[in-house]
Visitor: 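Quick one: this structure, given as structure tokens, is what I'll be asking you about.
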Number of protein chains: 2
Amino acid sequence: MSIFNKISFKDQAFKLRESAILDATTSILGDKGFDLMTMDDVANAVGISKPSLYKHFKSKEELVGEALIRLIDGAITYLADIDKDLPPVQKLRILLEWAMRVRLQGGMPFLPSTSTSVRSMLMKNISYVTRILKLNSQLEKLVIAAQKSGDLNPKLSCDVILFSYYSRTCDPAVDYLKTFSKMSDDAIVEHMLQVAFNGLTSNSAQ
Amino acid sequence: MSIFNKISFKDQAFKLRESAILDATTSILGDKGFDLMTMDDVANAVGISKPSLYKHFKSKEELVGEALIRLIDGAITYLADIDKDLPPVQKLRILLEWAMRVRLQGGMPFLPSTSTSVRSMLMKNISYVTRILKLNSQLEKLVIAAQKSGDLNPKLSCDVILFSYYSRTCDPAVDYLKTFSKMSDDAIVEHMLQVAFNGLTSNSAQ
DNA sequence: GTCTATAGCTGGATAGAC
DNA sequence: GTCTATCCAGCTATAGAC
């Protein structure tokens with residue numbers, strides 16, 4: 001076994017641990033949110049010490065940024081893999097279903113916090129902002145196309161639809177149903193999609 | 001002027017300051033959320049020192065609890081004053097409009113945080129839980145009646161509708177529209193009510 | 001690169017003078 | 001009841017031994 005293989009192994013282990021750290025971060029963030037998540041929490045969950053954690057990510061902000069970038073990249077990839085022949089509104093529905101399922105399995109919402117401080121922190125992360133803008137421009141195109149075809153309400157402004165769409169990816173109703181109702185994950189997703197697209201009233205097509 | 005009047009004056013001033021403290025708390029809470037709000041923030045906003053603040057409220061948790069109780073009481077009072085002859089779904093719509101306007105004017109959402117720790121903190125506050133249960137039972141009756149009359153979708157479980165309804169009172173889309181769009185408060189409220197009740201699709205009655 | 005130990009700071013809560 | 005001054009816990013981040 002040459003020295004190159006050793007380096008490669010080490011490198012691979014490093015990547016694996018980094019991935020484990022991001023997994024733990026994602027899970028803890030989904031549970032406690034940014035402010036209450038501590039670096040000790042993450043280090044303990046992964047089984048390493050805090051200084052080791054800081055060898056991988058030089059600050060809490062960077063760590064959370066990387067975790068969010070991975071999430072957004074996942075969304076972009078998932079969206080790209082959806083059958084291209086489906087109508088835009090179907091693509092939006094399928095992506096939203098994916099986001100809800102990610103969260104139901106202990107993941108993180110697209111919007112990790114609604115507080116202005118966390119938002120401004122993320123906006124300083126150029127890499128993150130780039131991904132968000134990329135995803136957003138794709139979603140915007142889908143919304144406009146769906147409005148043109150009449151599948152989404154053309155009377156609503158595109159902003160209203162987009163922001164509402166993002167909000168549904170972190171709708172606390174999903175958490176409450178998971179915690180307090182006895183519904184299955186499938187049933188929760190189905191009902192929440194129904195509410196998101198057709199609202200609470202009944203005078204709408206199923 | 002008798003000693004009794006003096007006491008009364010002092011008492012009145014005390015109540016006034018207490019009210020000012022709750023106003024400041026509400027505003028800061030609406031902006032930063034529970035975790036980032038500090039007792040120094042509140043004391044500075046009111047113009048008193050931190051120990052004085054602690055003379056009124058013996059902990060941060062109690063302070064936030066009282067602010068939330070005042071908010072829920074406001075909702076209960078507002079709901080009670082709505083024209084009794086209106087159909088249930090209209091009452092729900094009017095109350096939701098009120099909640100959105102309160103928030104647009106710098107107030108606090110019904111759900112001040114989605115994190116489990118804040119939720120468990122509030123659940124220990126008996127006085128708060130009592131109010132929430134009172135409001136909730138009234139809303140539940142309205143939802144069931146509206147489902148019976150066909151105004152709300154009878155195929156959705158009551159839980160789904162109620163939790164979604166609460167979520168709309170703290171929908172981050174409202175904040176984003178306020179911050180990033182040039183829509184008036186009236187327009188934001190109107191569009192968000194439309195989205196909440198009729199969804200994002202267009203095949204629904206206006 | 002990993003740890004133990006700790007610096008430095010912030011924020012909740014209080015002691016004690018007035 | 002109000003303040004100044006302070007305690008203490010817990011957090012981010014790092015120094016320094018191995």
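First the proteins, then the strands, lettered A, B, ... as listed; each starts at 1.
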Visitor: Checking all strands, does B/K60 fall into the base, sugar-phosphate, or nothing category for heavy-atom contacts under 4.0 angstrom?
Guide: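 Answer is sugar-phosphate: B/K60 comes under 4.0 Å of backbone atoms only.
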Visitor: What's the closest nucleotide to the side chain of A/Y54 if the choices are D/dA13, C/dT4, D/dC11?
Guide: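 From the listed options, D/dA13 comes nearest.
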Visitor: Calculate the interatomic distance between A/L36 atom CG and D/dT12 atom P; express it in whole Å.
Guide: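 These atoms are roughly 10 Å apart.
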Visitor: Grab the NZ-C1' distance between B/K32 and C/dT10 for me, whole Å please.
Guide: 12 Å
Visitor: If you round to the nearest 0.5 Å, how far is CG of B/L92 from CG of B/L152?
Guide: 6.5 Å
Visitor: Mind listing the closest non-hydrogen atom pair of B/A43 and B/S49 along with its distance?
Guide: CB-C, 3.9 Å
Visitor: Whole angstrom is fine here: how far is it from CG in B/L53 over to C1' in D/dT4?
Guide: 16 Å
Visitor: Which residues in residues 39-49 of chain B have at least one heavy atom lying under 4.0 Å from any atom of DNA chain D?
Guide: B/I48, B/S49
Visitor: Could you check whether any side-chain heavy atom of B/H56 comes within less than 4.5 Å of a side-chain heavy atom of B/L63, counting everything from C-beta outward?
Guide: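 With C-beta onward as the side chain, the pair stays apart.
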Visitor: Look at the side-chain N and O atoms of A/S52 and state whether any lies under 4.0 Å from the OP1 or OP2 oxygen of C/dC3.
Guide: yes
Visitor: Got a second to check how far B/L68's CG is from B/D73's CG, nearest 0.5 Å?
Guide: 11.0 Å
Visitor: Using whole Å, report how far CE of B/M37 lies from P of C/dT10.
Guide: 18 Å
Visitor: Once you round it to whole Å, what is the distance between P of C/dG11 and CG of B/L63?
Guide: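 So the two atoms are 16 Å apart, to the nearest Å.
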Visitor: Using whole Å, what does the distance between atom P of nucleotide D/dG1 and atom CZ of B/F57 come to?
Guide: 13 Å
Visitor: State, to 0.1 Å, how close A/M192 and A/M100 come at their nearest heavy-atom pair, and which atoms those are.
Guide: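 Closest approach of A/M192 to A/M100, heavy atoms only: CB-CE, 3.6 Å.
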Visitor: Nearest 0.5 Å please: distance from the CZ atom of A/R103 over to the CG atom of A/D185.
Guide: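 Answer rounded to 0.5 Å: 12.0 Å.
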Visitor: Can you check whether any acceptor in the base of C/dG12 is under 3.5 Å from a donor in the side chain of B/K50, or vice versa?
Guide: yes
Visitor: A/E62 CD to D/dA13 P: how many Å, rounded?
Guide: 10 Å
Visitor: Counting only heavy atoms from other residues, nucleotides and ligands, does the tally under 6.0 Å from CD1 of A/I126 exceed 12?
Guide: no
Visitor: Please compare A/K55 and A/T38 by the position of their nearest nucleotide in DNA chain D and report the one closer to 5'.
Guide: A/T38
Visitor: Nearest whole angstrom, please: distance from the P of C/dG11 to the CZ of B/F34.
Guide: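 Taking atom P of C/dG11 as the reference, CZ of B/F34 is at 13 Å.
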